[in-house]
Amino acid sequence: MSNVQNDQLVIIDHGEGDEPLSTRKMNPLFSSILEARLARRQVLKGSAGAAALGFFGLGLAGCNSDSDDDDDEDDSTPPAELLGFSAVAVNSLDVITVPEGYSHQVLIPWGTPIMGGIAAFSPDNTGADQAGQIGSHHDGMHFYGIDGSSEDGLLVLNHEYVEPRFMHESAVGVALGSSGLPVFAGVRPADEVRKELNGHGVSVVRVIKGSDSQWKVQFDAMNRRITGLTPMELQGPVRGTDFVKTLYSPDGTMTRGTLNNCGNGYTPWNTYMAAEENWAGYFTNKGDNPREHSRYGVPSGATSTGRYAWELADGGADEFIRFDASIKGADATQDYRNEPVCFGWMVEIDPFAPESNPKKRTAMGRFGHEGVVFAPAEEGKPVVCYSGDDSRFEYIYKFVTADNFSAATSNGDMLDEGILYVAKFNDDGSGVWMPLVFGENGLDASNGFSSQADVLVNTRLAADFMGATPMDRPEWGAVDPANGDVYFTLTNNSARTDAQVNEANPRSANQHGHIIRWSETDGDQAATSFSWDIFLFGGDSGESGVANNIGYDPNGDKLTADNILSSPDGLWIDPDSRVWIQMDSGYDDPYGNCAMLVADPKTGVLKRFLIGPIDQEITGITMSPDQKTLFINVQHPGEGTSSANFAAGSFSSNWPDKTAGAYPRSATVVVWKDDGGVVGS
Ligand code: FEO
Ligand code: CA
Ligand code: CA
Ligand code: CA
C-alpha cells in the first residue's frame, strides 16, 4: 500500500485533535446569573489591581483552616515541608526531566507486546499484533499491587486515541497532519481500521520491579487488551431499553468496545473505571441527527465521516460499518442508528478477572466523561464519585449510590442505582447539587423526558434544563483524603466571552485555565450543597496565583519561574495531600514542554516536578502503595510534526527511542527517589 498513487488518496482531516467544540446552547437560566455577576463586577472594577479578575474572598467557609487542624498540632510551629525537592526549570528538550535526587525509566511504550507470541513493535505491525500489544496515546492509569505489593502489580491504563499517520506503512512519505488519515479510492483498508480500533481501549499488564530498580513487563494470564472491539455489557437503567437496541444486540444489553478513554477512576472495591470522553466524533449520521446525537456532536450531513472514517472499511464488516449511525433498516434492530448511544459512559473493568466483560455503568450518566474520582468510601454510607464533562461550557457531575458501602460485600453493581447530580456554582461561593431524576423538578414528559433512561441518555440536556453552571472544560477531579475537599481542573476555554463569565469561571477567553475546589456541607460527601473557592489560576501574568488553606488572595503572590503553568488537566491528590497537577497546553514559551507540578494545599507552595519531551502532554498518574514509585504517562509526543515534515520523515520528537527518524511513541514513565523515599517528599 505504500506505493499507492496520490490520485487514489483522499486525506480526511477533522482537524479537531482530541478537543472538539461543544455543541451546547447557552443555558436559558444563565442570563439571570449573568446579571447578578455584572452587578458585582461593577463593584470590583472600582477595586485595585488583580481584584478586577472577579474573585475575592469566596469560599473561605468551605476550605478554611479549621477542617485541616489536627488538634494535637501546635499551630504556632510551621509544618514540616511537604514538598522536599527543588523545582525543575522550564525546558523544551526532547527528554524527561526530573528533580535532582530522582531517577526515571521509560516503560511500555506503544506497541510493547504484553503476551507471548506477539510481534515486537514495528511500523508494519498488523491489526492482530496490536491486539496483543500496549495501545497508543496512554492516559489515565492505576497500579493495583498484587496482594498489596509495591513491587509487583497490575498496571491498568487507558489509550485515548491514535495518530494513524504513525500506524501504517501506507502513510510513509505522505503529507499527513496529526489528525489526517489515508483513504484509498473511497475506502479504508480493513486491517488499518482493525489496528486503529485495537490501538484504543485499555491495557492490563503485570509489571515487576527488579533488584536494579528497573521495572519489567511480566507475561501473565491477567494481562489483557480491551479495545474498541471488545464485547461489553450495558448495565443500569439504560440496559435493555429502546435507546440501545442495535443489530448486534437486539435486546439492548451488549455493545462492542470502548473509545477515547481519557481519564480513569478506581473504585473502593479495587476495580478500574475507564471514561469515554470525545467519542461522538467517531460516528457519522448522514440523515437527521436526533438529540441524543446532536447534543454530543456526532458529525452529520450527507458527506460527513467519522473521525477515522472506520465506517468506510474495505469489505464492509459489521464491526466497522457500525460507525455509520444513519438509519438504514426497518427498525433499530436492523441497523446502527443507536450505536452512538452505546458510548459516552463510564466503563468498569475488573483487572483481576480477565474473562469478565467490561460493564458500562449507565446510571452515572452519558456525556464526555473526562474521568471519575471516588471519595474515600465509608462503611455504612453511600459511595460518592465525581465526573467532569470536558467540553467548553459543560458541567461537573456527582453520583451518589442508593446502597451503603460495605467493604465485605460491595461491588460494581452498586453503581447501577443511585442519584446523578449536576453542579450549580453560585456567585456567592455557595453551590448546589441538582438531581437529574425523572419526574422531579420538571424532568418529565411535559419537558420532553420519557423515563430515567431518557434522562441519562440525554444527560447534557437534562443538566441544561436544570440550569447547571457551564464550566471552562472540566477535566480531572481529585479528593483530598485529609478533609474531603474536592478539586477539579478547568483546563481553559478560549470561547468564553466577557458576557459569559461567572465567579466560578471568571476569565473571558480563559487561555491558561484554573482549578476550582469545594467542600461538601457538614463534611458529608453525599450532601446536596457545598461551598467553593478557586485554588489556582494558571498563566504567567498578574492574574495567576495559587491559594493556601485560607483561600486565594488576588493581591497575593503570583506564579514564578518555579511554577508557571498553563492548562491544568490531570490531577491527583496523594495520601499525604500533595496535589499533583499535569499540563495539557499547546503553548511553549514561556511554559516550555508540558510538565507536572505539585502543590501543598495548606501553604500554597507549588513546584514543577517533571517535564516531558516535545509536543506531548503529561497525563495519568498513580503510585505504588508505599508511594516510592510514581507512574505517569507521556501522550502524543511529536504530535506537532507538520504534514510536510511528516512526509520527509522528520518528526518533532523521536522520544522515547531517540534514534534519528524513530517514530515518537506514547509511553509510561516510572519515577523514583534515589534514596528510596516517598516520591515528592
Ligand atoms: Fe482527553 Fe479532556 O482530555
Ligand atoms: Ca489532550
Ligand atoms: Ca485530559
Ligand atoms: Ca486536555
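Starting from 1, each residue takes its place in the sequence as its number. Numbering of ligands and ligand atoms starts at 1, following listing order.
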* Asked: Should Asp480 and Arg517 be marked as a salt bridge (Lys or Arg N to Asp or Glu O under 4.0 Å) after you check the CA-CA gap, both sets of side-chain angles, and the distance that decides it?
  -> CA-CA 10 Å; Asp480 186 342; Arg517 67 178 170 187; over 6 Å; no
For the residue pair [X] and [Y], does the interplanar ring angle fall in the parallel (under 30°), tilted (30 to 60°) or perpendicular (over 60°) class?
{"X": "Phe323", "Y": "Phe283", "value": "tilted"}
{"X": "His636", "Y": "His137", "value": "tilted"}
{"X": "Phe367", "Y": "Tyr397", "value": "parallel"}

* Report, rounded to 10°, the angle at the Ca ion (ligand 4) between the two atoms OD2 (Asp569) and OE2 (Glu475). =>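 Between OD2 of Asp569 and OE2 of Glu475, at the Ca ion (ligand 4), the angle is about 90°.
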Atom nearest to atom 2 (Fe) of ligand 1 - [X], N, O or S atoms considered:
{"X": "Asp390", "answer": "OD2"}
{"X": "Glu475", "answer": "OE1"}
{"X": "Glu277", "answer": "OE2"}
{"X": "Glu370", "answer": "OE1"}

* If atom 1 (Fe) of ligand 1 is the vertex, what is the angle to OE2 of Glu160 and SG of Cys262, rounded to 10 degrees? ->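 That angle is 100°.
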* Can you check whether Phe651 and Phe646 have ring centres sitting under 6.0 Å from each other? ->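 Ring centroids of Phe651 and Phe646 are less than 6.0 Å from each other.
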* Asked: Quick one: which of Arg366, His369, Arg460 gives a side chain to side chain donor-acceptor pair (under 3.5 Å) with Asp389?
  ->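 When Arg366, His369, Arg460 are each tested with Asp389, the side chain to side chain donor-acceptor pair (under 3.5 Å) holds only for Arg460.
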* Asked: Considering only N, O or S atoms, which atom of Asp584 is nearest to the Ca ion (ligand 4)?
  ->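 Sorting the N, O and S atoms of Asp584 by distance to the Ca ion (ligand 4) puts OD2 first.
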